[in-house]
Each structure stands twice: as C-alpha cells, then as structure tokens.
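As the structure is a computational prediction, the values presented were derived from the model and not from experiment.
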Amino acid sequence: MFLLDYLQHRRDCRLKQVERAGLIASLPAPYHDPLTASDKETLTQPIESLVASVHAGGTTTALSVLRSYGKLALKAHARTNCLTEILLPSAESWLSSSSSEGLEQSADGKENGNKENKINLKGPLAGVPVSLKDTVIVGGYDATVGYSSFVGRRAVVDGPMVRLLKDAGAVPYVKTNLPITLLSFESANDVWGRTRNPHNAAYSAGGSTGGESALLALGGRIGIGSDVAGSVRVPAHFAGCYSIRCSTGRWPKVGIATSMPGQEGVPSVYSPMARTLDDLTYFARAVLGEMKPWRYDYTVHPLPWRRGVEEEFGDSGKGKRKLRVGVLRTDGVVDPSPACARALRMAEEALKRDGCEVVDVEGAPDMYEGLRLASLLLNADGCQMFESFRRPGEWLDAGASQLRGLAALWAPFRYLYYLWVRYVRGDRVWAGLVRHWRAHSAYENWKLVAQRELYRAAWFEWWNEQGLDVIITPPNATPAVPHDGMRDAVSSCGYTFLFNLLDYSAGVLPVTHVDKTLDRLPASFNLKKLNGVARGAYKHYDAERMHGLPVGVQVVGRRLEEEKVLAIMKRLEDALGEDKYRLIKQQDNWSSEAYQNAASFVPKLATKVMQWLDPQKDDVILDVGCGGEHSQSGIFDGVLNVEMARAGARVHGIDASPAMIAAAKSAAESASVADNCSFEVLDATKLPSADHLQRAKYTKAFSNAALHWILATGPPETREAVFRGVRDALAPGSPFVFEMGGPGNVAEVRAALLSAVGRRVGIERAANEADPWFFPDEEWVREILEVRVGGWKVERIECEWRPTQADKGGVEGWVRLMGKKWFEVLPEEEREECIREVIEVLEVICSLPRGGHMLSYLSSLPNDIQKYSRDVADYVDRHVDQIAETLRDALAKSQWVPEQFRPRPPPPRTIVTVPVGALEKVQDWISRHKILVSFIAVTTGVVAYRTYRNTARWRKTRRARRSRSGGRMDVVVIAGSPGLPLTRSLSLDMERKGFVVFIVCNSHEDEIMVQNLARPDIRPLSIDITDPPSAGNSIDAFARYLQSSHAAIPNGKRHHLLLKAVILIPSLKYATSPIATIPPSSFADLFNTHLLQPILTIQAFLPLLTTRVAPPSEKERPNPKVLVFTPSIISSINPPFHAPEATVCSALSAFTEVLTAELRPLGIPVTHVQLGTFDFAGFTPAANSRLVQPHGLLTAPPEDAESLPWPDSARHAYGKNFVSQSSSAISAGRIRGLRGSSLKELHNAVFDVIDGSITSGTVRVGLGASVYGFVGRWVPRGLVSWMMGIRKVDELATWQGTTGSSAFGSPKSSGSDAPGGDSFVAVPPLEHVADANVWREG
C-alpha cells in the first residue's frame, strides 16, 4: 500500500498545482493587465470608504474592486506563492447573481438566496474582498490543510463563516497557504509549495497563516486565519501587517477543516488580519457588532461589539484615559533578540509620551511552566492525529517532524535522552519539555486540564493585583526565521503560546524593521551558553541577513477584551508618530514605457535568433519569456513575434509580467497579426506543470534575452525545470534557439551595482539575494542541456561581444529599470542614494568621447536540437498502473483484510491472443533469470549512486576565504621538492583557489625553481633541516609572519593570515632492482633522502603546529591540518624487485600513524593521502629532460646514460623474472596502457581535507589506489606474483666465488662462458627499468 499511496500523493499534488495554474491562466484579461491609476486608488482606500462607494452605486462597483484586488493577489502570488484556491471566477458569479436589496434573514440562508450564493451588497462589508486561510470551507472548493489526502473533498455548501461574510457583503476571492499540520511558523507543504516572505525571499512569511500575511503585506486588505499558538500574530510580526487573536467564543470557528480535530486542550480560534489597523478595527466592528455571529455559529457568545469600551480606552477626543501598561521583557525561556527588544522599547517610549503609566511585569506566574503545560495539552495525543492524515513519503515540516519523532521514541530511550539533556548538557528547559512528550491517557489529559485551570487562576489573581490595562511584549523572540528554520526554533513560541493557554485577547502591530547596525548581537554573545529552546531560536538570528525584515509588538488584554486591545493598539500606533511602520508599496516591476525608454535596443539584437530559428509557414512556435518580471526579451516593438507571424507561423508567448504581456498583445494587434499570436501570463519556471503547453507539441521554441533573468530566480534546480519544461513542450526533434547574457555581460554595470548595494547589506547578501542575473558560459549550457536535463544535442553555440549605446533614458533609465531588483533589498529610505551612487559611477565608466554611454553586452547563443521522446515515461506509467491493478486484485482476494477496507476486484479482462513480440520475450527472459537481473539492477544502482556522488563532488565550488578587502587569508605549506611535478601542480592549484602557498626549500636552486613559477602568492620558505638551530630560526620567522597583519592593497584594511595545512610530499624517485644488486651505499642514501628528510621536516614544524599563533586580540582559530603523501600501489602489494619503495613507504605509513596518535589529543588532524597513478602531462620538465609520453610517464634515458651492471649470478637468478615483471600489465606502480587520473581529482581531495569535508584519517586517490589496496589486502601473494610474470627458477647457478670481481662491479665473463649460458637473459639497464615507475622525479 505504501507505493500506491505515495504515487497517489504525487498525483494529487500535481493535480492541485496544475489546477491552480490553469485557473490563473484562464482568468479574464483584466486580471492580467497592469495596475491602472484607478486600481491603485482602489487599493489604497480604507475598506470603510470602499463600502461607502459601493453603497453609493457610483463608478466604484463591487466587480471593479474585486478585479483590482484580484490583479494584486496574482502579483503577490507570483512573488511569494501565497495563494491556494483561486475563487475569482466564482466570486464574479456570486456578484453577478447578487441583488442590491438587503436581506431579511441572514442567519439560516433560507430566504436570503445563499443557496444561489448571492452576496448582500447592502451589508456593512459590501464589496470588500476577503482572503481566507485554506482551512476555511467554501462551497465547491477543497480545504486541503496542506495534506494531499484532503484533495478532492470539495465542500458542497459554504461553511457558516463564509455565509456570514457573504451576508455582510464581503467577497471571498482567494484562499491562502499554510503549513502541513498547522504547527509551524513557516507555510510550506507538498500540495501548494512554500510561501516566501515579501520582504526577503529567503525567509518565512510566518505560519500557520503565512499565506495571508504575505498577501496582506503586499496590498491585500482583509484576511481570516486561525490561531492555536500564535498563528495569526507571528505571521503579522514576520511579514508586517496587523492581526488580533480573539478569545474563544468571540469569532466563528465552525465550518472549517483542521489537522487536529477534537483538540481542545489549547483551543484554536479564528480571527481577522488586515493590512492596516483601521481596517482591522472596522472589520471586527462590522462582524461582531452588526452581523451577530452567534446566529451563524453555536460556539460564539452573544456578545455584541462594545463601542463604549472602544471609546473609553481609545482616543475619543474627550480626554484620554491614563493607561497602566505592563512591559513583559522576557518570557524566561528565550530573551528577545536585539531587534525585537528595540521594537519593544520604541513602543514603551511612545506610550510614555502618550501619558501612560508603564511598569515592568514582575512576579507573574512562571511562564516556562505555561509553555510546558500548553505544549503537552496541544499534543496530548502524541502527535498521532496530525500524522494520521499524512501519506507515506509526504513532506513534513522540520519542526513538526521533530515533535513527532520525540513522541514516537520508545519510552526508555526518551527517558535516557531526558537524563542526558538534563544532567549531561545541563539544559533544564529543554529537558523539561521532552520529559513527558508522549501520548497521554484520558486520565493524564484530565490532570493536565486541571493544571491549566489552576494556572489560569494564578494569572487572574496576579493581573487583578497589578491593576494593568494591557501588557506589551514581543510577538516572538526573533524576526522571521529562514526557510526550514523551524527545525531548530520549533519550541520558541512562548510569547504567543502563553496567551492561547490563558485565552487572552492579543493583537500584533508592526513597529519597525531590522537594522543591520542597531540590531546586531553583542560581542559577548555566546550561543553555546543558551538553553536548547533559546539556542534553536538564536541559531538563525543574523541582523545582516535580516536587514529590512519587519518587527512587531504584541498588545495583550484579558479574556474577551478585543475592543480594548484594538483601541490601545491604535493609541500606540498614533503615539509612534514619525516612527510609525511604513507598508510595502505595490507596484509592477516592468512597464512598456520604461522598457522602451531604457532598453528598446534589446529587440534589435535578435537577428541571429531569427536566422537560426528560421521560422516557416505552419510552424507553431513557443516564445519563452516574451518580456517581463524576470526578463526583457525584446518583443516590445514586435520585431520577433510580428516577423514570425507574418511568415505564417503561429506564436505563443509566455511571461511572468502582466504589463509586458499587455504590451506584446498591443504590438501584435498593431501589426494585424493578432490572429497568429497568443500570449499568457506564466512564469517560465512553472513550465513543467503547465499541462496545456506540454500537450501542444510546438515545432520550435525560442527565447531572446530572457533566460538570464528566468534562470536566476529560485534555487538551482529551477534552472533544470525550465529546460525540462521547454523540452517536453516540443515535438521530438524540434529546435530550441535562445539568446542570453554570457559570462562578463554588463560587467561594469553589475560591478557598480554589487559594490553599491553590497556596501550597505554585505557583499554575500547582495550577490545571493539581490543579483537578478545568471550569466553562464558555454560549458554550463552544454552540461545542463545534454547531461543534467538530457534529451538535447547542442549543435551550435556562439559567444559574442555587443557594445551597445545606451537608450534615450541613458544610464539612469537603464539602472532604474534593469537594476530595480538590486535595490529591493535596501530599506526604502536608502534606495535613492544608492541609485544615484551607481549612476555617477557608470556615467564615468561607460562614457564615450563623442558623447553618450556604451554598455558591454555579451551574448551566448546556443541552438539546441531536441532528441527526447516520452516513450520511456509512457512505458513506466503503464506498468505502474499494472502493478497497482495486481495489488488491488491480490488485496481483494485476501481474507485477512477486513471486508469494509477490501478493494473491489477489477473487472475481468478480455483475453486476446497475440503473437509474442520482442518485449514479451525480454520479459520472459527476465522472469527466468531473476538473480542475474537483480545483480545487474543492484550493480547499476550502485554505479549510478557513485556517479552521482562523484559528479556532485566534482561540481563543488572550492575557494579559500578572503578578507573584506579582498586579501588572501589562508596559508598552506607544501614540504616537497619544487622539482616534483606533484609539488608544482598542487601549489599552482592551491594558489588558484585563493591560498597563499609556501614551498619548503632546502637549497638556493629550490628557491630559484619556486621563483620561476612567477606567481606572487607562491613563495619559497627556506628551511635547512640539516641544521636544527637554523631550521628553528626559520620556523620562528615564519610564525611571526603569520602573527603580523597584512593588507591586500596599500592603506587597505589589515587582516591576519591563518595556517590551514602543512602538506608533506616525500621524494618520489625509486629504483627497481633485486635486493642483491643494490649497493649498501644506495640503501643509505635512499633512507637519508626519502625517509629521514620528511621525518625531520615534520619535526621542524611540530613546534609551530602545537602552539597558538593567532594574535592575542583574536578569538581562538581552528588548528592546522597535516597531510602526508605516499605512493600506495607498490607498498600495497610489495612485489619483487621494489624493495626501496616498499620499505620507505611502509616506514612512512608507520610514522604517520604514530604522528596521528600523538597529535590527536591536541586536536590537530593528520591525514595519510595514499596516491595512485596520475597524468602529469604538462608538469614534467621540458628542458634537458626525458620526453613525456602521452600518459605522462618518462621514456628511457639516452643510451649513454650511466647504468649499473649485475653480477652473472644475479642475472641467472633474477634476470628472467625481472624482465617479465617489468613488462607485466601491473608493474612499476601503474596499470600499463591506461592514463593516470586527472590531477584535478587529487587537488579536490586535498582541498576537501583542508576544509573539513573529508575527515577520514586515510584517503586513497588516483587510478589504482583503491584497487591495489584491495589486491594487497585480499589477493594471495602468490597470485599477485604470478600476475606480474614471476615464475619458478628451475636451476640455480654454480657457486664460483667472488674473487676478482665485486658483487656490484662488472662481471668476469659473459655470453656462452657464463653459467647456464643456454638460458642467459639480457637485463635492461637499471635506470631504464626504474623510469617505468610513475613516481620517478623529472
């Protein structure tokens, strides 16, 4: 059942998303048009004024108001993904069937026409568009609550809340997004996607009513949401709007869907939200005062709106009542962040100016106990109810997932976790929350409810003693959390959750924005010292990244005091004066006028697109990004679409900007080709889910100057989605031609924008959040089309520079239009100053001697031919249905399945006899060879997984740190001969990645070789290891150099260097010869140069590695790493005739293990890098050296090279086997006939060890490293020798003594006089054989 449920989940999610996109696309044209002056006037009117206008029956009608707000909702949705169900077509229908006469019966709907969905346009909310949380039931629509299992359960009739709104004259027009489970301050689910904060797309808009807050912040007027732990208040705080949490029984709540039916420990309430405080008050007054909600919902108290209370506590003009206000500065669990504390101080000071008595909240009942009690009551079922609606594989909010996991933990394990948190970590707060986090019995739940009532009574008595009118407090400890931040901040909700437990009325109003300077954490802040709840909240607090996010204040009254709370909120807002929060202004990013003024030249650059596309009669062409929010493709003057239409082709254009779509339509109509052109508002990133386009099968597709905008939006995976959507929309074999900015496009403009914006918000944030462009190179285009997406073959690609003179709008017009997204990350008051700064810089850089300004455009033009077919996908779908049918049949016949749950058996099939085809033969073969097929499938899966891992590792960006001034900060020391190809390649790569590289030099010649590299950041480090005092002085000088400050440029900001790693590369030159033929002096020299020298080098660096070299003023830095390189192939198998290399490498391996054991307690990692074979082509010496073979190895030396002959006895004993192993497939440390691995593989591995991505103590890298390690560990030695050509010697030579000859001198005799002359073997010169070793030095 798991597979079937998961597949159904995927289908249902796709169904709703396609349905939503289709509804938006099918809306009448007015919804896609730009905002007019009339629209903007409507959107800025208070709802009281709108109602009066609709009642008056003038030019402002309910339909015109609906369409204005409908346009705005679609724009807000494109920016934040805030909408779920689109009610606009139904809303128009309701209005068209409505009467202007009042309704006599408004409670039961029997006489008022609500069965026909009429709206009372004489009501107190006549014509006011109201958005609804997705949980509110509207007849004819789903209420999914973010669960795919709720899809398709359309309500037949409206719920009581919607009936009340229609009777009041309000028009429900959209439903908004929420989190699955409703237990999160984020709004994301698989059905509708994730809602983004309108102020900063990297952050949440809040939850669980996050879609409402995003829409209201961007211009919506009124919304309705639910609140069980802060779900209307926290979104208002996160996104910058107004809300009030009503007490239970004050606002209707029947006729809704929920994730936790039956939960009454902390009752959920429905409450209003609004863009302005005046609208919030008017709406509440109309619903509670005039509509008598208790006639619609039996849970509502018959308590009308008390206008006298509102006037008593507000500013009635008859003298203000002096208020006594308590300030709750902390809940005792998580102290408010600097931004929230500053907003609270601003509110406190404003109330004091207003004449209020302001006191600190002291002696109140323990608020941590309230958080603990509320948490247990809310999830007394152990999270089983909300989990019961979730299908297998359905995404779950990270915070809710943590709650569910803790509740499901086996009781002994949960208790051990509690003990560890409480007594090992010393965290009393988090331990107290998890101690009883499980499902409770009815008896235990009743006890919790009894404790709740005692707690409420304690607050009641305390409040009476204090004589407070209201309390002001932060709505949350921090501003908005980043996406998935609730994984850590799941329990940081005490400032709102407390008042749900107490059932107090509480409202939130925005006060200010996060300021990166004023709201940064103090230097003394230590995250590790916080309790678990506070640590999770503060983990994501970063004033730099949060700059510009809204910050609110919560005003809390007692139970059923909504009138008082709203009145005091109004007094507070008025008292803020000039500091009052400023709302986001709604505007369209693009207009045809601005585009023509600043960038009309873009269409004129499309000549090559037309040539390559070659439009013909009867072509059906898709234009991707025909101008708009993400792009300026240049059809504004009709150049491309008109020309194609005139050629007889039919063109369909898509774009995310309604303004540019409207301009495109106008251009087509002006050229009298409107019949051949069609357009729709559609974000290109949503192409894969646009089924109507996927079915069209276009013959050609193109995009002109649009993709560098489109591909910059959203995460990197959306880039693949765009190309996949275009691919699937084309018929097989159809071409796709596109032009977009290439690397270096408008480089001077981009640099000026990045510099100006980055100086205000930080370079990283400016680059990641503000930069709206993506300029790839040709290789990226080929890779994503042919590899990552597939189904494409790039036939032609060109990159050309196009110097273009600025339009009549000049540099200023270009910057204001194209750079608009850059400035959106800045507070509004800073934008104009930043724009002027950019313009002043560019007017100098881009000026031409003859006048005017030139912009450097660099265009990349690929021409792609599609080779994709849906045959494979159709085959998979067909067989998935087959599997589902088989499972249903099996379950229908299974007696163990209860009859009420047993599926009906499928109808019998008609059996048709057909000849056996190739496919059936393959299936039959598979069924008869299941083990072999399983082995192939597992092997393929493992290979695919490893390929994916390697590809991801290969694409990883690897860069060393830089200082703020751009200077290099990280240092690596390479202790290896500068003449080694390995040393040279590694030092050059480290320098390219941004490191300062020091190469240890033992002689003047070594220093010259380093200097000859001609790289300023590759420097010699002279250390004479044979002279310990001199070596110590050199290390001491190097340490002082690290401790001193440096500047990247003269008079620039200074910084300190950090030693990241010491890399030891021993000498890699080894001879191959029988042990009997190696002179003792050679062994002595070998051990001195290959073994003793690297050991002494590490010994010289140990004092530096084991001490702190950071300046005293800086905090402690991470310890450097030690990397020791050794060849691994020969040392793994220890074959004959390789004694020097095998001995030295084994000794170095043992030395590395000891060094690791000694440095581990000091926190200094040591990594043993065991090397295979690499391709050193390009890094071997060219002058006066041996030639380089294609695989990077060295050829034989000249014939006159000095060689060392063998004695006759050695020739007889070892010669034949020596020659055999020298010519074997695996000899001399390499696999014959294969190129070595790319050096990039080694370079990446070294960087990953340095940056901590690889933490293993031993790393094998290079061709053969892992294979030979396996061979040496598991393959018998005799088999290895046999594979290398070693055979038994049948007869040994006769002893002749050593008189007159040296064991290592010339033989006394040769040829036929030698013993065993019949089997004489000519042994190649020793140096010749040794050169076959890949590790030989140049």
Do [X] and [Y] have side chains that get closer than 4.5 Å, going by heavy atoms?
{"X": "I180", "Y": "Y147", "value": "yes"}
{"X": "W410", "Y": "L416", "value": "no"}
{"X": "L328", "Y": "Q554", "value": "no"}
{"X": "V145", "Y": "L182", "value": "yes"}
{"X": "R414", "Y": "V434", "value": "no"}
{"X": "F238", "Y": "P475", "value": "no"}
{"X": "N379", "Y": "R404", "value": "no"}
{"X": "L502", "Y": "F499", "value": "yes"}

Please confirm whether the backbone N or O of [Y] pairs with a side-chain atom of [X], one donor and one acceptor, at under 3.5 Å?
{"X": "Q451", "Y": "L373", "value": "no"}
{"X": "K1121", "Y": "I1250", "value": "yes"}
{"X": "H547", "Y": "D542", "value": "no"}
{"X": "R487", "Y": "A398", "value": "no"}
{"X": "R196", "Y": "R79", "value": "yes"}
{"X": "H77", "Y": "L83", "value": "yes"}
{"X": "S213", "Y": "A205", "value": "yes"}
{"X": "N200", "Y": "R545", "value": "yes"}
{"X": "D970", "Y": "F995", "value": "no"}
{"X": "E186", "Y": "P179", "value": "no"}

| query | How far apart are the C-alpha atoms of D134 and T84, what are their side-chain angles, what is the distance that settles it, and do they pass the side chain to side chain donor-acceptor pair (under 3.5 Å) test? | reply | CA-CA 7 Å; D134 190 66; T84 56; 2.9 Å; yes
Closest heavy-atom contact between [X] and [Y]?
{"X": "L215", "Y": "C82", "result": "CB-SG, 4.2 Å"}
{"X": "V511", "Y": "V553", "result": "CG2-CG2, 3.6 Å"}
{"X": "T181", "Y": "A400", "result": "OG1-CB, 3.8 Å"}
{"X": "V551", "Y": "V514", "result": "CG2-CG2, 3.6 Å"}
{"X": "A341", "Y": "P336", "result": "N-CB, 4.2 Å"}
{"X": "G146", "Y": "L178", "result": "N-CD1, 3.6 Å"}

| message | Within 45 degrees of the ring normal and closer than 6.0 Å to the centroid, is that where the cationic atom of R719 sits relative to F774? | response | yes
| query | So, is the end of the R428 side chain (NZ or CZ) under 6.0 Å from the ring centre of Y368 and within 45° of the ring's axis? | reply | yes
| message | Pair L396, E387 - check side chain to side chain contact (heavy atoms under 4.5 Å, CB included), show working. | response | CA-CA 9 Å; L396 184 61; E387 180 65 12; 4.1 Å; yes
| Short N-O contact, D1251 and K1060, less than 4.0 angstrom | no
| said: Closer than 4.0 angstrom, basic N to acidic O: yes or no for E369 and R372? | reply: yes
Can you confirm whether more than 12 heavy atoms, excluding those of [X], are under 6.0 Å from its [atom1] atom?
{"X": "E544", "atom1": "CD", "answer": "yes"}
{"X": "R961", "atom1": "CZ", "answer": "yes"}
{"X": "R342", "atom1": "CZ", "answer": "yes"}
{"X": "K956", "atom1": "NZ", "answer": "yes"}

| query | Would you call the rings of W459 and Y504 parallel, tilted or perpendicular if under 30° counts as parallel and over 60° as perpendicular? | reply | perpendicular
Nearest 0.5 Å please: distance from the [atom1] atom of [X] over to the [atom2] atom of [Y].
{"X": "Y581", "Y": "C241", "atom1": "OH", "atom2": "SG", "value": "8.5 Å"}
{"X": "T478", "Y": "D519", "atom1": "OG1", "atom2": "CG", "value": "12.0 Å"}
{"X": "T685", "Y": "E720", "atom1": "OG1", "atom2": "CD", "value": "13.5 Å"}
{"X": "T258", "Y": "M385", "atom1": "OG1", "atom2": "CE", "value": "9.5 Å"}
{"X": "N197", "Y": "Y203", "atom1": "CG", "atom2": "OH", "value": "10.0 Å"}
{"X": "L183", "Y": "S259", "atom1": "CG", "atom2": "OG", "value": "5.5 Å"}

| message | Is there a side chain to side chain contact (heavy atoms under 4.5 Å, CB included) between S1253 and F1247? Walk through the geometry before answering. | response | CA-CA 8 Å; S1253 299; F1247 185 95; over 6 Å; no
| request: Please test Y495 against H237 for side chain to side chain contact (heavy atoms under 4.5 Å, CB included), starting from the C-alpha separation and ending with a verdict. | output: CA-CA 12 Å; Y495 290 98; H237 166 62; over 6 Å; no
| field | Exercise: do N177 and T195 side chains pair donor with acceptor under 3.5 Å | value | yes
| said: Please enumerate all residues that pass side-chain hydrogen bond (donor to acceptor under 3.5 Å, both in side chains) together with R452, with sequence neighbours excluded. | reply: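 Here no residue qualifies.
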| Can you check salt bridge (Lys or Arg N to Asp or Glu O under 4.0 Å) on R958 and D1248, steps first, answer last? | CA-CA 8 Å; R958 294 173 172 87; D1248 290 345; 3.0 Å; yes
| query | Can you tell which of S187, S208, S231 makes a side chain to side chain donor-acceptor pair (under 3.5 Å) with K133? | reply | S208
| query | R233 pairs by side chain to side chain donor-acceptor pair (under 3.5 Å) with which of N500, T496, N476? | reply | N500
| message | As a quick check of understanding, evaluate side chain to side chain contact (heavy atoms under 4.5 Å, CB included) for L501 and F497, giving each step before the final call. | response | CA-CA 6 Å; L501 180 70; F497 205 6; 5.7 Å; no
